[in-house]
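Each remark here refers to the structure printed beneath this line.
Each chain gets a letter, A, B and so on, in the order its sequence line appears, and its residues count up from 1.
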There are 2 protein chains.
Amino acid sequence: MSTMKEVAMKAGVSKATVSRLLSGKGYVSEATKVAVYQAIEEAGYRPNLLARNLATNKSQCIGLVATNTLYNGSYFNELLSQAAKKLEDNGRQLILVDGKHSAEEEQQAIQFLLDLRCDAVIVYPRFLTVDAMDSIISQHKQPIMVVNRKLRSHQSHGIFCDHKGSSFQATRHLLTQGHRDIAFITGSLDSPTAIERLSGYKAALEAQGLPIREQLIIKGKWTPASGAAAVESLLAANTPFSAILASNDDMAIGAMKVLHAAKLSVPEDVSLIGFDNIPTAPFLQPALSSVKDPVSGMVNEVINRLISMLDGGYLSQNNAFSSELILRDSVAPGPYFGQ
Amino acid sequence: MSTMKEVAMKAGVSKATVSRLLSGKGYVSEATKVAVYQAIEEAGYRPNLLARNLATNKSQCIGLVATNTLYNGSYFNELLSQAAKKLEDNGRQLILVDGKHSAEEEQQAIQFLLDLRCDAVIVYPRFLTVDAMDSIISQHKQPIMVVNRKLRSHQSHGIFCDHKGSSFQATRHLLTQGHRDIAFITGSLDSPTAIERLSGYKAALEAQGLPIREQLIIKGKWTPASGAAAVESLLAANTPFSAILASNDDMAIGAMKVLHAAKLSVPEDVSLIGFDNIPTAPFLQPALSSVKDPVSGMVNEVINRLISMLDGGYLSQNNAFSSELILRDSVAPGPYFGQ
DNA sequence: TTGTAGGCGTTATCAC
DNA sequence: GTGATAACGCCTACAA
């Protein structure tokens, strides 16, 4: 690889002149401009970004940390494509690093991006607690933004969505329609989102003065297969139910498969609601309802805030986003209550 | 941020000693080890990777270029998660950069990663032609691997799948079952994969001595919505068909929705086959068949080859991968032939 | 308008 | 075992 020095020699000028021309800072005469550009062409010169970043102490790169178990979900797709587009519009690059499967590895991923001297880091945490995040943020100069979490001490660095509230509303929607035997399929319970959605369900039942029946709460793992297994166990246990709230659309899809196999239709026999509103979900069955998470809104806000932190400018402070209920059915419970 | 110099001063040694200790190369006495580690702790020192990479001319980073329009598909998910996992097992990081929406931007993305001094680049091209890729590869010292393309001059840098062959087989499967009116929904025709799948369909018909009927070939855009639109136009045109081959699963899902809405069941009334075998597809309907692309196999091979190029070792040369036909129905055409 | 020189934070090659 | 010292390739006062 040819260096700036070589270009300078070829053009008969100094490195400084070449640098000035390339960075657009400082004056360069038309004549030397031509000569330098030609030398660059001849040499096939390309700037070494490592050297440049080292010298300027900037990288024009934003890091993103997410666990690779998320890479399968369309929630992450949305996050990634939104972030990539917004950042590139802003002339920056996104660097994605795997947070793997523990709090320690998640922290290492953040550290790696910081060591790479990324201008900022966006974290979609899976294992690190809110307190850990808060502490990491205060230890570093670079901005670290946290998606899907309500931070305690660095509120402006976090952005979140009221999962409990949307789950509450979805449950209440079913209750309003007359459903009383509502099964709930949880996500992985080591995830705060899963816990919040479960608590929203419970809260809605309680608000209605209904008991929480543990046999109607089945543990899932976010995957279609675990959603299918959940409904199978429900059927096997012979527990009556007229509606299912699945903690994400993937599990709702798995649930629907088993319902169909059992000759139960949605929503005539069983009402089914998922969360996240993944792109293929509406195509599965017009009757599948879903709670749409405001991923794109959150990502937009995170990046806007980041840009204003880095480049200066207005800093908005909208931390809390709301889900949108997309309900495609409004069917009262049918005669079916268990096998 | 504290530097190595500061650590050295604190510990009362030279930078060289600290560097030796950290890199594990060269001898350091136990006593100084302790002193240095303590100084590192006190200073909260973190190595500057930019400086290190500049000095060593290595980055331990592998770049990946893909268009952001792909970020939505689960094909890309598979690619990304596979690549991230394999590379991290190998102690390297994956840097993802958007190839945007033109050949020029795709090339710029590659160039950016090269300028960042990534050890190698993996490209999942969407706009750059095979010849352009070949030429880019020969212009650079760093290995550049190309997924899903058969290169002309740098065969060992490309890895591909016989899309035409698998489309041929899927079509022949339908023909063998007695289908004669097979509709085909294409992908975006500016993508080589879309073209290959279409040509496999045509070839299978020709091999059987059947005419290619343009009214049965509908242009899609890879999305569920375009799959739905395709079937709607088919129904509106009143063209008889007993089977549909959709160029990917997303479009098959969209197609299925419209079929259901028209009171046509799969596969009793219409046989439906998709491509890629996305995770949710098998959950949609037990009857949806799909041709599974060997993404994970290809990614594995690409990365294995990359690692052996970079670290030395055995270099396998398996360029061509085959799809796997996953057929869930074997239903002969029913009485339905158009509206 | 241009060149000189020092610095960014490492690694690596020597002597000692 | 350890410490100067010169790279690595670029930026940026400051001087000319």
Side-chain angles (χ1 to χ4, degrees), chain A residues 1-37 39-40 43-61 111-119 140-142, chain B residues 1-37 39-40 43-61 111-119 140-142:
Chain A
M1 288 253 88
S2 62
T3 73
M4 198 152 131
K5 194 174 171 184
E6 289 171 42
V7 171
M9 299 201 67
K10 260 199 167 59
V13 295
S14 73
K15 288 192 301 176
T17 305
V18 178
S19 175
R20 265 191 300 262
L21 177 55
L22 259 34
S23 66
K25 295 174 188 256
Y27 306 91
V28 179
S29 77
E30 278 307 319
T32 53
K33 265 188 193 170
V34 175
V36 172
Y37 278 131
I40 287 178
Y45 169 76
R46 291 257 90 210
N48 183 329
L49 260 32
L50 291 177
R52 176 182 303 183
N53 294 344
L54 178 60
T56 56
N57 199 29
K58 280 184 188 141
S59 70
Q60 297 294 86
C61 288
Q111 197 56 260
F112 172 78
L113 291 165
L114 257 18
D115 293 349
L116 255 188
R117 297 303 183 265
C118 282
D119 295 342
H140 299 279
K141 206 178 62 231
Q142 292 112 313
Chain B
M1 288 252 87
S2 61
T3 73
M4 197 152 130
K5 194 174 171 184
E6 289 171 43
V7 171
M9 299 201 67
K10 261 198 168 60
V13 295
S14 73
K15 287 192 301 177
T17 304
V18 179
S19 175
R20 263 193 302 265
L21 178 56
L22 259 35
S23 67
K25 295 174 188 258
Y27 306 90
V28 179
S29 76
E30 278 307 317
T32 52
K33 265 187 192 170
V34 175
V36 172
Y37 278 131
I40 287 177
Y45 167 75
R46 289 258 90 209
N48 183 328
L49 261 31
L50 290 177
R52 189 196 322 257
N53 294 344
L54 177 62
T56 57
N57 199 29
K58 282 185 187 139
S59 71
Q60 297 295 84
C61 288
Q111 197 56 259
F112 173 77
L113 290 165
L114 257 18
D115 293 349
L116 254 188
R117 296 303 184 266
C118 282
D119 295 343
H140 300 280
K141 207 177 61 230
Q142 292 113 312

query: Closest nucleotide of DNA chain D for A:Asn48 versus for B:Val13: which of these residues is on the 5' side?
result: B:Val13
query: DNA chain D: B:Thr17 or A:Ala16, which has the more 5' nearest nucleotide?
result: B:Thr17
Rounding to an integer number of Å, can you tell me how far [X] [atom1] sits from [N] [atom2]?
X	N	atom1	atom2	result
B:Leu49	D:dC8	CG	C1'	15 Å
A:Glu6	D:dC10	CD	C1'	14 Å
B:Leu21	C:dT10	CG	P	14 Å
B:Leu54	C:dG7	CG	P	17 Å
A:Lys25	D:dT12	NZ	P	6 Å
B:Leu50	C:dT10	CG	C1'	10 Å
B:Lys5	C:dT11	NZ	P	16 Å
B:Lys15	C:dT13	NZ	C1'	14 Å

Using only side-chain N and O atoms of [X], determine if any of them is under 4.0 Å from OP1 or OP2 of [N].
X	N	answer
A:Ser29	C:dT2	yes
A:Ser14	C:dT4	no
B:Thr3	C:dG9	no
A:Thr32	C:dT2	yes

Heavy atoms only, 4.0 Å cut-off, all strands: where does [X] land among base, sugar-phosphate and nothing?
X	answer
A:Arg117	nothing
A:Ser23	nothing
B:Met4	base
A:Ser19	base

statement: The answer to which of B:Met1 and A:Gly12 contacts DNA chain C further toward the 5' end, by nearest nucleotide, is A:Gly12
Consider the side chain of [X], meaning its heavy atoms from C-beta on, and name the nucleotide among [options] that approaches it most closely.
X	options	result
A:Arg20	C:dT11, C:dT2, D:dA4	C:dT2
A:Tyr45	C:dT2, D:dC8, D:dC10	D:dC10
A:Arg52	D:dC11, D:dG9, D:dG1	D:dC11
A:Pro47	C:dT1, C:dT10, D:dC10	D:dC10

query: More than 12 heavy atoms of other residues, nucleotides or ligands under 6.0 Å from CE of B:Met9: is that the case?
result: no
statement: From the list B:Val18, B:Val7, B:Leu21, B:Val28, side-chain contact (heavy atoms from CB on, under 4.5 Å) partner of B:Val13 resolves to B:Val18
- prompt: To the nearest 0.5 Å, how far apart are CZ in B:Arg52 and CG in B:Asn57?
  reply: 14.5 Å
message: So, taking the atom named OH in B:Tyr45 and the one named NZ in B:Lys10, what distance separates them when rounded to the nearest 0.5 Å?
response: 13.5 Å
Trace of the side chain to side chain contact (heavy atoms under 4.5 Å, CB included) decision for B:Asn48 with B:Thr3: CA-CA 8 Å; B:Asn48 183 328; B:Thr3 73; over 6 Å; no
Residue pair B:Leu22, B:Ser19: steps toward the side chain to side chain contact (heavy atoms under 4.5 Å, CB included) verdict: CA-CA 5 Å; B:Leu22 259 35; B:Ser19 175; 5.9 Å; no
